[in-house]
Student: 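My structure is below; once you've seen it, I'll send some questions.
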Protein chains: 2
Amino acid sequence: MATRTRRSQRRTEALSRERIVEAAVELLDTAGESGLTFRALTERLATGPGAIYWHVANKDELLGAATDAVIAAAVTVGTVAGTVGAATGTVGAATEGSRPATGEPGTTEPPASPQDDIRGVALGLFDAIARHPWLATQLAAQLSRSPWGTVTPRIFESIGRRVRALDVPESSWFTVTSALVHYILGAAGQNAANNASARSLPPGVDRDRFIDTVSRAWGELDPDEYPFTRAVADQMRGHDDREQFLAGVDLVLAGITATHHHGQE
Amino acid sequence: MATRTRRSQRRTEALSRERIVEAAVELLDTAGESGLTFRALTERLATGPGAIYWHVANKDELLGAATDAVIAAAVTVGTVAGTVGAATGTVGAATEGSRPATGEPGTTEPPASPQDDIRGVALGLFDAIARHPWLATQLAAQLSRSPWGTVTPRIFESIGRRVRALDVPESSWFTVTSALVHYILGAAGQNAANNASARSLPPGVDRDRFIDTVSRAWGELDPDEYPFTRAVADQMRGHDDREQFLAGVDLVLAGITATHHHGQE
DNA sequence: ACCTGAACACCGTTCAAGT
DNA sequence: ACCTGAACACCGTTCAAGT
């Protein structure tokens with residue numbers, strides 16, 4: 001009933017699309033996908049549903065805008081650390097994807113290779129999706145609703161620029177970039193899904209214990225139907241999520257190099 | 001109002017979980033994700049909501065069961081054409097993934113390479129997701145709800161067995177299989193998303209015109225923010241979806257071979 | 001131009017009651 | 001054991017009315 005102590009917080013700023021999207025992201029982060037309702041939103045923003053509908057067409061558009069804002073921030077910061085440039089969606093732009101990661105262009109280090117650059121962007125997306133687990137579902141939904149929207153091109157552009165820096169023939173740019181983006185979104189999405197369900201477990205069960213649980217469950221599958229899965233069940237234990245993710249990126253990068261050098265049309 | 005001519009069809013069979021899941025899949029296929037409601041379901045099954053709740057815990061479980069049934073069928077048929085074996089979820093098992101595809105183990109052909117085998121399974125999943133576009137969203141949702149569920153192991157097992165047939169060291173099985181599965185689900189999901197929104201366009205606009213539209217939209221993006229995406233906009237035109245998908249699979253396969261042969265730990 | 005808030009249609013879920 | 005169907009709580013969305 002009583003929502004913390006935040007109720008009717010005497011609106012200071014005027015309502016705006018930006019403020020609404022910001023509140024939506026907060027709600028999604030703290031209360032999950034099912035926590036984003038117009039009633040929760042109106043309470044948090046101390047207004048009525050009609051006011052929100054003045055700035056936003058409907059819930060789908062709101063979810064799309066929230067997704068776009070977070071992705072835009074994650075992808076923009078990837079470019080040059082510190083130089084945020086033109087972050088159109090400003091929600092949390094300063095902190096998104098800040099964790100520097102393996103081969104990120106650092107402070108005094110020599111310019112990174114295109115490969116390291118790609119790893120950096122990939123990790124930025126991976127971390128953003130890990131921080132906002134609802135992105136896993138929403139990215140899929142958003143792409144269904146409008147692939148001509150802004151979120152796909154944003155990701156595509158960010159990866160594609162680095163692909164251009166590899167020695168891949170121009171005729172393969174689209175195929176290669178698509179493959180990278182698909183792997184990144186697939187892997188990051190699955191990871192976020194894992195995190196989301198780890199979070200919903202009985203409290204006191206932390207991340208490691210969760211992987212342990214899944215690993216054990218896989219180890220106890222029917223030996224006739226799932227021999228392989230049983231066999232690798234304990235390989236998933238102790239593996240760091242981000243390392244695992246990067247290993248996959250490297251696999252695709254290796255494939256790109258191999259395919260290009262051998263020149264098999 | 002009037003639902004075709006199927007209303008109150010004098011239930012012949014007794015209600016069962018299987019029949020409910022089957023009806024759910026049909027509803028999802030014909031009416032989309034928003035078309036699956038308990039009211040539509042009760043009408044189609046000529047029963048009340050209470051009856052459904054006797055067999056199924058809630059909507060999430062129903063969606064999970066529908067997803068699992070379709071994935072199980074798609075993945076099982078991939079093994080040996082015609083020998084369906086133990087198809088636990090029988091929804092449309094006969095027709096799922098039947099289109100033989102490039103390197104599928106055919107009638108009189110020599111046994112396919114592990115690579116061709118992997119391409120076959122990947123295409124089976126790709127086609128299943130293309131036929132049931134709601135899978136794109138539901139796979140993501142399902143993995144969030146219960147990664148210890150049966151759908152992940154099913155896909156993992158199916159790909160993993162073929163990975164074992166490649167000359168990859170056992171210590172890399174998990175990483176390599178994960179990478180393949182992530183790419184497949186990511187790419188198939190995005191493709192299904194495209195199909196889904198192509199379908200929701202004003203009628204008379206077919207698949208080709210849709211890609212044309214997106215391609216043109218990408219070609220008209222801001223040159224300052226999206227130079228790369230603009231440049232490859234017309235590469236996406238005329239590209240066959242399945243070929244594009246297989247090219248990505250080949251890229252990952254090439255990466256696996258390259259990484260293994262060079263032995264870079 | 002921007003906001004209010006009651007009202008509407010619809011949805012997932014429950015449950016006392018039937019067979 | 002299995003099914004019925006009215007009822008409940010809640011949700012997205014609308015709209016006449018206000019400023």
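Please read these numbers as outputs of a predicted model, since none were measured by experiment. Chain letters run A, B, ... following the sequence lines, proteins first and then strands; every chain starts at 1.
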Student: Could you go step by step and tell me if B:E18 and B:H55 meet the side chain to side chain contact (heavy atoms under 4.5 Å, CB included) rule?
Tutor: CA-CA 9 Å; B:E18 216 179 24; B:H55 296 278; over 6 Å; no
Student: Got a salt bridge between A:R242 and A:D127, using NZ or NE/NH1/NH2 to carboxylate O under 4.0 Å?
Tutor: yes
Student: Please round to the nearest 0.5 Å and tell me the distance separating atom CG of B:L185 and atom CD1 of B:I71.
Tutor: 7.5 Å
Student: Return the value, rounded to whole Å, for the distance between atom CZ of B:R17 and atom P of D:dA1.
Tutor: 18 Å
Student: Using the side chain to side chain contact (heavy atoms under 4.5 Å, CB included) rule, take B:L63 and B:L28 through it: C-alpha gap first, then chi angles, then the decisive distance, then the call.
Tutor: CA-CA 9 Å; B:L63 279 166; B:L28 285 164; 4.2 Å; yes
Student: Side chain to side chain donor-acceptor pair (under 3.5 Å) with B:E61: which residues, sequence neighbours excluded?
Tutor: B:R17
Student: Please identify each residue that fulfils salt bridge (Lys or Arg N to Asp or Glu O under 4.0 Å) with B:E157, with sequence neighbours left out.
Tutor: B:R161
Student: Identify the pairs formed between an N or O of the protein and an N or O of nucleotides 15-17 of chain C at a distance under 3.5 Å, and give each distance.
Tutor:
none

Student: Determine the minimum heavy-atom distance between B:S215 and B:A233, stating which atoms define it.
Tutor: OG-O, 2.9 Å
Student: Strictly below 4.0 Å, N to O, side chains only: are A:R230 and A:D222 in salt-bridge contact?
Tutor: no
Student: Counting side-chain heavy atoms from CB outward, which of C:dC3, C:dG12, D:dG12 is closest to B:F38?
Tutor: C:dG12
Student: Nearest whole angstrom, please: distance from the C1' of C:dG5 to the CD1 of A:I52.
Tutor: 13 Å
Student: Can the ring centroids of B:F38 and B:Y53 be said to lie less than 6.0 angstrom from one another?
Tutor: yes
Student: Whole angstrom is fine here: how far is it from CG in A:L15 over to C1' in C:dT4?
Tutor: 12 Å
Student: What orientation do B:F245 and B:Y183 show, parallel under 30°, tilted 30 to 60°, or perpendicular over 60°?
Tutor: parallel
Student: Closer than 4.0 Å, any side-chain N/O of B:W54 to the OP1 or OP2 of D:dC2?
Tutor: yes
Student: Identify, with sequence neighbours excluded, every residue that meets side-chain contact (heavy atoms from CB on, under 4.5 Å) alongside A:A188.
Tutor: A:F126, A:I129
Student: A:R39 has an atom CZ; how far is it from atom C1' of C:dA7, in whole Å?
Tutor: 11 Å
Student: Give me the residues of residues 55-62 of chain A where at least one heavy atom lies under 4.0 Å from an atom of DNA chain C, by number, or none.
Tutor: A:H55
Student: Tell me: CD1 of B:I20 to P of C:dG12, nearest whole Å?
Tutor: 14 Å
Student: What stems show up for DNA chain D when you take Watson-Crick pairs (N1-N3 plus N6-O4 or O6-N4) and G-U wobbles (N1-O2, O6-N3), both under 3.5 Å, and require three or more consecutive pairs?
Tutor: C:4-8 with D:12-16, C:12-16 with D:4-8
Student: Please report the distance, rounded to the nearest Å, between CG in B:L41 and P in C:dC11.
Tutor: 12 Å
Student: Can you tell me how far P of C:dG12 sits from CG of B:L36, to the nearest Å?
Tutor: 7 Å
